[in-house]
Amino acid sequence: MKYPQLADEVTMLKAAHITPVEHGVANLVNRVLTAAQVSELQAQVRKVHIDEKLIQYIAALVHETRLNASLYLGASPRASIAVMNCAKATAAINNRDFVTPDDIVTMLPHVLRHRIMLTPEREMEGISTDEVIAEILKSVEVPR
């Protein structure tokens, strides 16, 4: 997503000045689900099965971010939990009650991208976090 144009940002500031943000958001966002529906979907995701080998796979992938020489800062254990939950949600969206390695591979860049930090040297070389994540995915064996 790009930054807004200057005129658009001025309009946003004026709107925030007139209407407090917490009240203004309610007028800008249309409700898609109720709180009860969100809770039900979360409960469905919690029921999605994930094999022990896939849990170990997630942990190994995230652990590798802490060892990778291209990274100044690796991902935390909360990232592991987020990868697992996103993989489970992906399975549920695809009408499955179980996680596959592809669910993890698909979600890993989205979850880790903002949770890791490149070393200054890699940043100056133009390496991206996505490239490092792809390297980590290649270095960790996919469970069978």
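Side-chain contact between Met12 and Pro4 is present, with at least one heavy-atom pair separated by less than 4.5 Å. By the 4.5 Å heavy-atom criterion applied to side chains, His49 and Asp97 are not counted as neighbours. Taking 4.5 Å as the limit, every side-chain heavy atom of Phe98 sits out of range of all side-chain heavy atoms of Ile50. Counting heavy atoms from C-beta outward, Val45 and Gln42 have side chains that stay 4.5 Å or more apart. No side-chain heavy atom of Tyr72 sits less than 4.5 Å from a side-chain heavy atom of Leu118.
When only modelled atom types and interatomic distance are considered, Asp103 and Thr100 share a side-chain donor-acceptor pair under 3.5 Å.
Residues passing the side-chain contact (heavy atoms from CB on, under 4.5 Å) test with Glu125 are Arg122, Ile127, sequence neighbours excluded. In terms of the side-chain contact (heavy atoms from CB on, under 4.5 Å) criterion, residue partners of Ala82 (sequence neighbours excluded) are, by chain and number, Val111, Arg115.
Under a 3.5 Å cut-off, the side chain of Gln37 and the backbone N or O of Thr34 do form a donor-acceptor pair. Looking at Asn94, its side chain never comes within 3.5 Å of a backbone N or O of Arg96 through a donor-acceptor pair.
One hydrophobic cluster, built from ILVMFWY side chains closer than 4.5 Å, holds both Val105 and Val140. No chain of hydrophobic side-chain contacts below 4.5 Å, direct or via other Ile, Leu, Val, Met, Phe, Trp or Tyr residues, connects Leu41 to Ile93. Connection of Met107 to Ile81 is not established within any shared hydrophobic cluster, with ILVMFWY side chains joined at heavy-atom distances below 4.5 Å, either directly or through further cluster members. Using a 4.5 Å cut-off between side-chain heavy atoms of Ile, Leu, Val, Met, Phe, Trp and Tyr, with links allowed through other members, Leu73 and Ile133 fall into different hydrophobic clusters. Under a hydrophobic clustering in which Ile, Leu, Val, Met, Phe, Trp and Tyr are joined whenever their side-chain heavy atoms come within less than 4.5 Å, directly or via other members, Ile116 and Leu108 fall into the same cluster.
Leu112 pairs with exactly one of Leu71, Thr129, Thr65 by the side chain to side chain contact (heavy atoms under 4.5 Å, CB included) rule, that one being Thr65. Each of Leu54, Val99, Val48, Ile58 was evaluated against Met84; a single residue qualifies, Ile58, per the side chain to side chain contact (heavy atoms under 4.5 Å, CB included) test.
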Discussion item. Please determine whether side chain to side chain donor-acceptor pair (under 3.5 Å) holds for the pair Glu9 and Gln5, giving the CA-CA distance in whole Å, both sets of side-chain angles, and the decisive distance to 0.1 Å.
Written reply: CA-CA 6 Å; Glu9 193 161 351; Gln5 296 295 318; over 6 Å; no

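To the nearest 0.5 Å, the span separating OG on Ser128 from CD on Glu123 amounts to 11.0 Å. Distance NE2/His63 to CG/Asn68: 11.5 Å, rounded to 0.5 Å. Between the OG atom of Ser139 and the CG atom of Leu61 there is a distance of 7.5 Å, given to the nearest 0.5 Å.
When all heavy atoms are compared, the tightest approach of Gly126 to Glu131 is O-OE1, 3.8 Å. Counting all heavy atoms, side chain and backbone alike, Lys53 lies closest to Arg144 at NZ-O, 3.4 Å. Between Pro143 and Pro101, the shortest heavy-atom contact is O-CG, 4.2 Å. Here the shortest heavy-atom pairing between Lys88 and Arg46 reads NZ-O, 3.2 Å.
The number of heavy-atom neighbours closer than 6.0 Å to CZ of Arg78, taken from other residues, nucleotides and ligands shown, is 12 or below.
For the pair Asp130 and Arg113, the salt-bridge criterion is met [side-chain N within less than 4.0 Å of a carboxylate O].
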